[in-house]
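As the structure is a computational prediction, the values presented were derived from the model and not from experiment.
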Amino acid sequence: MAKFKVDIGKLNKRISIGHIGSIVNPNGFPETKFLEDYKAWASISNLYGKEFYEAAAVQHEDDVKFIIRYNPNITYKNVIKYKEDIYNIVHIDNVEFGNRWLVIKAKILDKDRGGTNG
């Protein structure tokens, strides 16, 4: 079995992990907004090679891979915010069941808007 190695120096992107919730805006109207639960340092990369072609087969070629330190509270109900973009979690891999690293594949919600107002 190959050992999974992470270059700690590449965990250099700050992401927020949270959920989409409803709030009432100052005008009294409901609106959906990203609500942060956790922050994490992540390595972020696009899919390439075999992963890209597998994702393209199911229209997930825009998927991104986030590598973060293990957090047992992250579930498929969460979303990830990086810069102004919001990503739905497609797959969570607790690498080698070691409770040390999570590899999260995620798909951008809305390329033009990031998916929310927040």
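- There is no path of hydrophobic side-chain contacts, each under 4.5 Å, that joins Leu109 to Ile23.
- The CD atom of Glu96 sits 9.0 Å away from atom CG of Asp93, with the distance rounded to the nearest 0.5 Å.
- The nearest pair of heavy atoms linking Tyr76 to Ile92 is OH-N, 3.1 Å.
- Leu102 places none of its side-chain heavy atoms less than 4.5 Å from the side chain of Val95.
- How far CG of Leu11 is from CZ of Arg69: 6.5 Å, rounded to the nearest 0.5 Å.
- Side chain of Tyr70 to backbone of Phe97: no donor-acceptor contact under 3.5 angstrom is found.
- Of the inter-residue distances, the one linking Ile80 atom CD1 with Ile86 atom CD1 reads 10.0 Å to the nearest 0.5 angstrom.
- Interatomic distance, OG of Ser22 versus NZ of Lys33, reported as 12.0 Å (0.5 Å rounding).
- In this structure, Tyr82 and Phe66 have perpendicular ring planes: the angle between them is above 60°, well past the 30° mark.
- Between the Asn94 side chain and the Asn99 main chain, a donor and an acceptor come within less than 3.5 Å of each other.
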Please tabulate, for side-chain N and O atoms in residues 34-42, each donor-acceptor pair with protein atoms closer than 3.5 Å (sequence neighbours left out).
unit_1, atom_1, unit_2, atom_2, d
Glu36, OE1, Ser16, OG, 2.7
Glu36, OE1, Lys39, NZ, 3.4
Asp37, OD1, His19, ND1, 3.4
Asp37, OD2, His19, ND1, 3.0

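- Between the CD1 atom in Ile15 and the CD1 atom in Ile44 there is a gap of 6.0 Å [rounded to 0.5 Å].
- Applying the salt bridge (charged side-chain N to carboxylate O under 4.0 Å, His left out) definition to pairs two or more places apart or across chains, none involves residues 9-23.
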Q. Would Val64 and Ile104 satisfy side-chain contact (heavy atoms from CB on, under 4.5 Å), going step by step from the backbone distance to the final call?
A. CA-CA 8 Å; Val64 174; Ile104 302 171; over 6 Å; no

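- The CD1 atom of Ile89 lies 12.0 Å from the CG atom of Asp63; values are rounded to the nearest 0.5 Å.
- Judged purely by atom type and a 3.5 angstrom limit, Asn71 uses its side chain to pair as donor or acceptor with the backbone of Asn73.
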